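For clarity, every value in this text was computed on a predicted model and none was experimentally measured.
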There are 2 protein chains.
Amino acid sequence: MKPITSEKEFLKNYNIHDFDVPLTSVDMSIFSIIDDELQVLLLKRNDYPAKGKWALPGGFIDKQQDSNLEDTAKRKLLAKTGVSTPYLEQVSTFGSKQRDPRGWSVTIVYMALIAADDIKLSTDDSSDEIKWQPVYQLSNKPALAFDHNEIFNHCYERLKSKVQYTSLPVNLLPEEFTLTELQTTFEIILDMPIEKKSFRRRILDAQILEETGNLRTGNNRPAKLYKANKLGKDHFFQRSIEGPR
Amino acid sequence: MKPITSEKEFLKNYNIHDFDVPLTSVDMSIFSIIDDELQVLLLKRNDYPAKGKWALPGGFIDKQQDSNLEDTAKRKLLAKTGVSTPYLEQVSTFGSKQRDPRGWSVTIVYMALIAADDIKLSTDDSSDEIKWQPVYQLSNKPALAFDHNEIFNHCYERLKSKVQYTSLPVNLLPEEFTLTELQTTFEIILDMPIEKKSFRRRILDAQILEETGNLRTGNNRPAKLYKANKLGKDHFFQRSIEGPR
DNA sequence: TCAATAGTGTCTTTCAGACACTATAAA
DNA sequence: TTTATAGTGTCTGAAAGACACTATTGA
């Protein structure tokens, strides 16, 4: 074999199957607030390995369809929930010899935040059951497929941590919402009461919301409706919410 | 072909080469403070693709040697720098069709912080040149191999961001150091002066350091030497350093 | 008018920035 | 005694928590 002297020539002779690469997939924790609870989407696996076990949604990269990792995550999310423009954040990548019985494997993990009213659940042939699971029932109890309990916990910790110093929860609400609804969303995720005045001052001073001019009415004083502006979906505060003293 | 009815049978018939998986690697930004500058380690590529270009250290997962992703990163770091117990943090994963001319590829990116006095640089056959590059010369200027400029920038942003609310810089110093040396390290990374009293109050109140009892002497008042305790390597503050008003 | 929720005024607390001050070494 | 750097005292300011207060609706 003669020596290679150009990049073009190198690539002509290159074959990925000469290399012993790990299996690579994308998995995700899809969060939503349903029945005033933070819930995560689970699928029951229809095939081996881990057949019959509940798992986080995910799957393999489609080298034709997907032009990058986020495409893979978005494609899976759309297939299961019908949501096409989620808040999507890469959380971490898990890779080891033992995490999948098929051998050395790597999974790139995303979390998605979606508003409950956008969701139309559907399954495909990789699973016939799909459900929302309250996160407090998942933190310790039932064993998900592979290392998905660990993966989920990592996502949940990331979410709780970022809710302390960002405005992420606006992504879990419909387009229009009241300040009380937003506060409740924060409180559900942090599992902690927040002082009303502090919360409103913090959010309003950050100028990440704008009034829509509409009101939410009920059997009491109507509340102003707001929507997130550009910044609102991703604002970082200088200080964390501290909680009760 | 008869249907598969057990996990064991499934795994017997499973062959990873039936699947079209992407090429997977690990890359890293190794930071150190050298000559009072934040610098990052670069290697000149000895082989195609991108032969002759400077690149971040990295390489493929060795499915025999490495039992997880961190092992791969640690193995590469040890080979180049001789450092075996770094501060090592997974930053992000880049994956796309175009980022490598060999086709769809994924790289898991780590950043490492190491103390200058621990380092013994060495190359292997994948490169014959290795160097420290000041980060301010890298942020915009010279084109690294593949998407390594983008990868580096991501690491650098992560580092600067975490230095505002953690004690990470202790990992860039030798075991013993003065408060002024620690402050200088923060200032170099943030590229911003920090008020002395605020800094010392913040660090000391967090109880992440302990006095070693030794003193750093010179042509002036000797300074107390400190070392990080368990918390010191990874402490998170409730509030960020804000900088001059 | 009452119940319920929206929304505000204002005090305290915490921790960062500013900056002038004192302390201790070598030359 | 001077110069250089280590280290402190104490004021101001920004933003969070506490909590009592007022506002506005339907029943």
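Take A:Gln39 and apply the side chain to side chain donor-acceptor pair (under 3.5 Å) test, not counting sequence neighbours, and it matches no residue. Applying the side chain to side chain donor-acceptor pair (under 3.5 Å) rule to B:Arg99 yields the partners B:Ser105, B:Asp147; only residues at least two apart in sequence or on another chain are considered. With sequence neighbours left out, the salt bridge (charged side-chain N to carboxylate O under 4.0 Å, His left out) criterion links A:Lys80 to A:Asp124. Remark: A:Glu89 pairs with A:Tyr87, A:Arg158, A:Lys162 by the side chain to side chain donor-acceptor pair (under 3.5 Å) rule, at least two apart or across chains. With sequence neighbours left out, the salt bridge (charged side-chain N to carboxylate O under 4.0 Å, His left out) criterion links A:Glu129 to A:Lys44. Among residues two or more places apart in sequence or in another chain, the side chain to side chain donor-acceptor pair (under 3.5 Å) test is passed with A:Asp71 by A:Ser67.
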Legend entry - Heavy-atom protein contacts under 4.0 Å, nucleotides 4-9 of chain C, coded B base, S sugar-phosphate only, - none: BBBBBB
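Side-chain atoms of B:Thr107 come within 3.5 Å of backbone N or O of B:Ser25 as a donor-acceptor pair.
We find that CZ of B:Phe186 is positioned 12 Å from P of C:dG17, with the value rounded to whole Å. Rounded to whole Å, the distance from CZ on A:Arg201 to P on C:dT13 is 15 Å. In this structure, the CG atom of A:Asn214 is 15 Å from the P atom of D:dT25, given to the nearest Å. Across the protein-nucleic acid pair, B:Arg245 atom CZ and C:dC19 atom P stand 11 Å apart, rounded to whole Å. The distance between atom CZ of A:Phe237 and atom P of C:dA16, rounded to the nearest whole Å, is 19 Å. Between the C1' atom of C:dG17 and the CD1 atom of B:Ile203 lies a distance of 15 Å, rounded to the nearest Å. Here D:dA15 presents its C1' atom at 9 Å from CD of B:Glu242, a figure rounded to the nearest Å. At whole-Å resolution of the value, CZ in A:Arg239 and P in C:dT13 are 15 Å apart.
A:Phe199 has its ring centre less than 6.0 Å from the ring centre of A:Phe186.
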Going by atom type alone, with no hydrogens or angles, which donor-acceptor pairs under 3.5 Å involve a side-chain atom of residues 108-122 of chain A and a protein atom two or more places apart or on another chain?
residue	atom	partner	partner atom	Å
A:Tyr110	OH	A:Gln90	OE1	3.4
A:Ser122	OG	A:Ala79	O	2.8

Result block: side-chain N/O donor-acceptor pairs under 3.5 angstrom for residues 210-219 of chain A, not counting sequence neighbours:
residue	atom	partner	partner atom	Å
A:Glu211	OE2	A:Lys224	NZ	3.3
A:Thr212	OG1	A:Glu176	OE2	2.7
A:Thr212	OG1	A:Asn214	N	3.2
A:Thr212	OG1	A:Leu225	O	3.4
A:Asn214	ND2	A:Glu176	OE2	2.5
A:Arg216	NH1	A:Glu181	OE1	2.9
A:Arg216	NH1	A:Glu181	OE2	2.4

What side-chain donor-acceptor pairs closer than 3.5 Å can you find for residues 229-238 of chain A, not counting sequence neighbours?
residue	atom	partner	partner atom	Å
A:Asn229	OD1	A:Leu231	N	3.1
A:Asn229	OD1	A:Gly232	N	3.0
A:Asn229	ND2	A:Gln207	O	3.0

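Taking side-chain N and O atoms only, A:Ser198 has a distance below 4.0 Å to OP1 or OP2 of D:dG17.
Against DNA chain D, the stretch residues 161-173 of chain B makes no heavy-atom approach under 4.0 Å.
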Legend entry - Nucleotide-level pairing of DNA chain C, given in dot-bracket where Watson-Crick and G-U pairs need both distances under 3.5 Å and | marks other strands: |||||||||||||||||||||||||||
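Distances from the side chain of B:Pro244 to the nucleotides D:dA14, C:dA18, C:dA16 place C:dA18 closest.
For B:Arg202 and C:dG17, a side-chain-to-base donor-acceptor distance below 3.5 Å is absent, hydrogens and geometry of angles not being considered.
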